[in-house]
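Written below as structure tokens is the structure these notes are about.
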Amino acid sequence: MTDLEMIDPATLTIDANVRADVQLDKAFLASIKEHGVIQPVVAHRGEDGGAHVLYGQRRTLAAVETKQPLIPVYVVDSLTEADRLAKQVVENDHRQALTDHDRAEAFHQLSLLGVSATQIARKTGAKKATVDSALKVRTSDTATAALANGMTLEMAAVIEEFHGDEDAIAKLEQVADQNPQGFDHTAQRLRDDRTRAALIAEATAEAEAQGLKVVDEDVSYWDYKGAMARISDLRTREGEPLTVEDADAVHIGWSYLGEVRVTYLNTDWKAAGFTKLGAARSGKMTEEEKAERRTVIENNKAWDAATSVRIEFVQKLLKAKTTPRGALKFVAQSMGAHGYTVADGLSKHSGFAAELLGVANEYGALTVITGKATAKHETNVLAVVLAGFEKSLSRASWRNPCSTAKDYLNQLAVWGYTLSDVETLITNHGNTETQETVNTETSATNEAPTPGETFEDVQTDEEELIAEETGYAEAS
């Protein structure tokens with residue numbers, strides 16, 4: 001039963017509401033002052049006989065603020081607490097979008113009442129993944145505080161992901177405040193760093209359990225005039241290669257291939273009677289060369305993180321109901337300007353194109369996709385082209401910018417992708433006369449081995465590769 005009554009807004013009771021920030025802006029107050037409350041508030045009679053507001057908190061408070069004597073109120077039968085909260089979420093979203101903090105609080109209150117995430121999603125019209133994320137965020141005081149301070153639900157979920165890592169959270173909070181567009185890139189870089197650190201720590205523990213000394217990279221690599229050397233560079237008195245049993249130390253680092261690399265060493269090879277291949281290094285690195293080396297390592301790690309964020313963006317782009325604006329124009333221009341890249345997307349990387357489209361079929365994936373009656377052909381064509389461009393990129397791309405990479409990244413930026421700093425080294429290349437020249441001497445790290453070398457020789461620890469590329473390779 002519903003009755004329309006005219007009630008003094010000051011006598012209405014507002015129970016706990018899902019909206020944390022009422023947002024009584026000047027324009028809204030001015031409208032209520034001049035016209036009064038036109039859309040009736042919805043309330044129900046409580047046990048005390050008073051009217052309790054279900055929907056219309058802002059209108060009620062604005063009416064009190066502007067001293068309205070009476071406002072229209074629909075008085076309805078009492079609702080359950082869960083239904084009241086759920087309907088408030090829907091009603092508030094229709095009238096004025098709830099903040100992510102408001103929405104998370106509402107979902108949390110519903111969960112406390114025993115409503116499942118699936119039921120919350122059904123009642124409020126939210127996606128199940130959004131409800132799950134909000135409820136997870138509410139388990140962390142730090143993430144909840146971040147949400148209350150204006151972070152999006154996605155950002156707060158990342159804060160919760162790094163629960164307990166104060167340094168990572170501080171960095172994320174700083175980026176969210178000063179450069180929110182770069183938040184995803186920073187988060188992915190922190191994930192990568194955490195993964196690397198965990199794998200290196202695991203390998204370190206294994207080495208120490210074997211009784212091997214773990215040395216840092218400066219000792220293990222640069223001091224080749226001393227008594228320490230890699231066992232791969234040593235030979236027995238009989239000229240035979242050494243084995244790991246001849247090692248008494250290791251250096252554990254991250255390889256150019258993106259995996260833990262353990263370099264086995266002998267710390268006193270002369271005393272052991274071994275001989276060493278090649279000649280000694282010509283000298284130690286200058287501070288400038290060390291700084292360059294650190295930059296290459298840092299940018300390579302940044303590139304790895306950017307690649308993950310970029311691919312995720314492309315996948316979301318292809319999942320949209322329609323292709324992005326200008327997609328066919330981009331495809332046509334790419335066929336003319338970057339024909340080999342487009343052809344590679346179709347021939348070499350069709351499986352990756354299927355992955356971008358969310359299809360896990362390894363063989364004939366594109367055939368499966370394009371053969372469907374509901375196939376989105378524009379999207380499928382775009383996926384093939386984007387697959388070709390994405391697979392044309394590598395860590396060498398930022399050091400040796402080309403028009404293919406530049407056109408691809410610029411187009412993604414047009415479609416809403418936020419370029420990371422390392423990617424702007426490509427898009428900004430050649431834009432100004434003052435830009436620093438990219439060191440192309442370091443661009444050959446993923447080339448094939450020269451005669452007499454093996455891939456194991458070429459794909460050594462990342463620090464060793466950079467040293468070799470900058471003139472500090474051991475003479476052969």
Side-chain angles (χ1 to χ4, degrees), residues 175 179 181-193 195-196 253-259 285 288-314 334 337-338 340-341 344-345 349 352 385-448 458-472:
V175 172
N179 180 30
Q181 294 82 5
F183 187 89
D184 289 343
H185 289 287
T186 300
Q188 187 58 48
R189 173 60 190 278
L190 289 170
R191 292 188 191 100
D192 291 348
D193 288 346
T195 298
R196 275 190 288 265
W254 198 252
S255 79
Y256 187 82
L257 296 176
E259 57 190 20
M285 295 181 75
E288 182 180 354
E289 288 163 336
K290 288 181 180 179
E292 179 184 354
R293 175 168 167 264
R294 286 192 294 269
T295 297
V296 172
I297 295 172
E298 179 67 20
N299 281 356
N300 279 348
K301 291 179 179 178
W303 181 265
D304 291 345
T307 299
S308 298
V309 177
R310 191 173 59 247
I311 290 176
E312 183 178 352
F313 173 84
V314 171
S334 299
H338 309 292
Y340 285 109
T341 301
D344 283 348
H349 308 304
F352 179 61
V385 174
L386 295 181
F389 275 105
E390 185 59 44
K391 285 297 186 179
S392 73
L393 301 180
S394 70
R395 280 180 170 182
S397 298
W398 70 265
R399 285 173 280 169
N400 190 22
C402 65
S403 61
T404 301
K406 186 173 184 177
D407 289 350
Y408 172 54
L409 293 176
N410 278 332
Q411 185 60 56
L412 292 186
V414 169
W415 287 333
Y417 175 66
T418 300
L419 295 168
S420 64
D421 290 343
V422 72
E423 290 167 319
T424 61
L425 294 177
I426 297 173
T427 58
N428 291 339
H429 183 65
N431 290 353
T432 64
E433 295 181 359
T434 57
Q435 182 180 349
E436 295 182 6
T437 302
V438 177
N439 183 2
T440 57
E441 292 180 3
T442 62
S443 64
T445 56
N446 31 348
E447 297 294 330
V458 175
Q459 302 293 0
T460 57
D461 190 272
E462 181 172 7
E463 288 82 351
E464 298 178 18
L465 278 168
I466 297 163
E468 291 170 359
E469 294 160 0
T470 51
Y472 282 83

**Request:** Give the intermediate values and the outcome of side-chain contact (heavy atoms from CB on, under 4.5 Å) for residues Ile311 and Val314.
**Result:** CA-CA 5 Å; Ile311 290 176; Val314 171; 5.6 Å; no
**Asked** Do the side chain of Asn410 and the main chain of Lys406 share a donor and acceptor less than 3.5 angstrom apart?
**Response** yes
**Message:** With a 4.5 Å cut-off on side-chain heavy atoms, are Arg395 and Asp304 touching?
**Reply:** yes
**Item:** Carboxylate-amine/guanidinium proximity below 4.0 Å for Arg196 and Asp193
**Value:** yes
Measure across [X] and [Y] and return the closest heavy-atom pair with its distance rounded to 0.1 Å.
X: Ala387; Y: His349; answer: CB-O, 3.9 Å
X: Tyr417; Y: Ala306; answer: OH-O, 3.7 Å
X: Thr418; Y: Glu423; answer: O-OE1, 4.3 Å
X: Asn300; Y: Trp398; answer: OD1-NE1, 3.0 Å
X: Ser392; Y: Thr404; answer: OG-CG2, 4.1 Å

About how many Å separate [atom2] of [Y] and [atom1] of [X], when rounded to the nearest 0.5 Å?
X: Gln181; Y: Ser420; atom1: CD; atom2: OG; answer: 13.0 Å
X: Asp344; Y: Glu390; atom1: CG; atom2: CD; answer: 13.5 Å
X: Thr195; Y: Trp254; atom1: OG1; atom2: CH2; answer: 7.5 Å
X: His338; Y: Cys402; atom1: NE2; atom2: SG; answer: 8.0 Å
X: Asn299; Y: Arg294; atom1: CG; atom2: CZ; answer: 13.0 Å
X: His185; Y: Trp303; atom1: NE2; atom2: CH2; answer: 10.5 Å

**Message:** Could you check whether Asp407 and Gln411, counting side-chain N and O atoms only, form a donor-acceptor pair closer than 3.5 Å?
**Reply:** no
**Prompt:** Near Asp421 CG, under 6.0 Å, is it more than 12 heavy atoms from other residues, nucleotides or ligands?
**Reply:** no
**Asked** For atom CD of Glu259, is the number of surrounding heavy atoms from other residues, nucleotides or ligands below 6.0 Å larger than 12?
**Response** yes
**Item:** Verdict with supporting geometry, Gln188 and Asp192, side chain to side chain donor-acceptor pair (under 3.5 Å)
**Value:** CA-CA 6 Å; Gln188 187 58 48; Asp192 291 348; 3.0 Å; yes
**Criterion side-chain contact (heavy atoms from CB on, under 4.5 Å) on Leu393 and Thr307, from CA distance to verdict** = CA-CA 9 Å; Leu393 301 180; Thr307 299; over 6 Å; no
**Message:** side-chain contact (heavy atoms from CB on, under 4.5 Å) for Ser334 and Thr341? Distances and angles first, verdict last.
**Reply:** CA-CA 8 Å; Ser334 299; Thr341 301; over 6 Å; no
**Message:** Tyr408: which residues meet the ring-ring contact (aromatic ring centres under 6.0 Å, His included) condition with it, sequence neighbours left out?
**Reply:** Phe389
